[in-house]
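Written below as structure tokens is the structure these notes are about.
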Amino acid sequence: MLMPHPAVLRTLVDEYEALSADGTAEARAQERDLAYTLCVSTGTREVDDALRTARRWLEAASAADTAAPRPQTTVVRRQTAPGLQQKPVPRPQTAGARPQSDDGPRVYA
């Protein structure tokens with residue numbers, strides 16, 4: 001199953017929770033739309049299940065981000081014309097990088 005990007009999932013959950021607090025008719029209509037999108041995104045049929053699943057995935061993604069080592073970067077300087085400012089361009093070093101394993105919800109659509 002494809003999994004939504006954590007940033008997209010976080011936005012859906014935050015918007016749904018904000019609209020749940022608002023009691024207007026327009027907010028309820030948007031809340032229904034977000035509930036449907038959350039259910040489709042998480043593969044569930046009930047919004048409560050979708051919210052639980054989304055929160056679990058977000059926690060797992062957050063834990064994976066903090067546990068994953070940050071890649072080292074190399075600064076590459078480009079030749080520029082006299083008087084122009086040089087900007088460093090960070091490049092990830094791939095030598096010695098560990099392969100990613102399929103141990104959690106890090107597959108983003």
Side-chain angles (χ1 to χ4, degrees):
M1 177 173 131
L2 292 176
M3 298 177 77
H5 191 278
V8 172
L9 199 54
R10 169 56 51 207
T11 301
L12 290 172
V13 170
D14 290 345
E15 287 180 13
Y16 181 84
E17 290 172 345
L19 289 171
S20 295
D22 191 353
T24 65
E26 182 180 335
R28 285 193 301 271
Q30 290 176 341
E31 184 181 356
R32 280 192 304 272
D33 290 344
L34 283 170
Y36 174 80
T37 304
L38 277 166
C39 288
V40 169
S41 298
T42 58
T44 59
R45 293 180 181 223
E46 299 293 327
V47 70
D48 292 332
D49 295 336
L51 288 169
R52 271 192 298 279
T53 301
R55 289 183 184 117
R56 190 175 67 240
W57 287 356
L58 288 169
E59 287 174 13
S62 176
D65 285 346
T66 58
R70 300 284 180 216
Q72 296 178 351
T73 59
T74 302
V75 176
V76 177
R77 301 221 181 254
R78 296 181 180 175
Q79 295 286 334
T80 59
L84 294 179
Q85 210 173 17
Q86 291 184 343
K87 294 182 181 180
V89 178
R91 304 273 172 120
Q93 292 180 348
T94 55
R98 294 185 347 193
Q100 297 252 343
S101 63
D102 190 19
D103 60 348
R106 283 194 259 163
V107 180
Y108 306 126

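All values reported here derive from a predicted model rather than from experimental measurement.
- Residue pairs that meet the salt bridge (charged side-chain N to carboxylate O under 4.0 Å, His left out) test with at least one member in residues 13-34, sequence neighbours left out, are Arg10-Asp14, Glu17-Arg55.
- A distance of 8.0 Å separates CG of Leu38 from OG1 of Thr44, quoted to the nearest 0.5 Å.
- Proximity of a side-chain donor or acceptor of Ser20 to a complementary backbone N or O of Tyr16 within less than 3.5 Å is detected.
- Put simply, CG on Leu12 and CG on Leu51 are 10.0 Å apart, with the number rounded to the nearest 0.5 Å.
- Atom SG of Cys39 sits about 10.0 Å away from atom CZ of Arg45, to the nearest 0.5 Å.
- Distance check, rounded to the nearest 0.5 Å: OG1 of Thr11 to NE2 of His5 gives 10.5 Å.
- Between atom CG of residue Leu9 and atom CG of residue Leu58 there is a gap of 4.5 Å, rounded to the nearest 0.5 Å.
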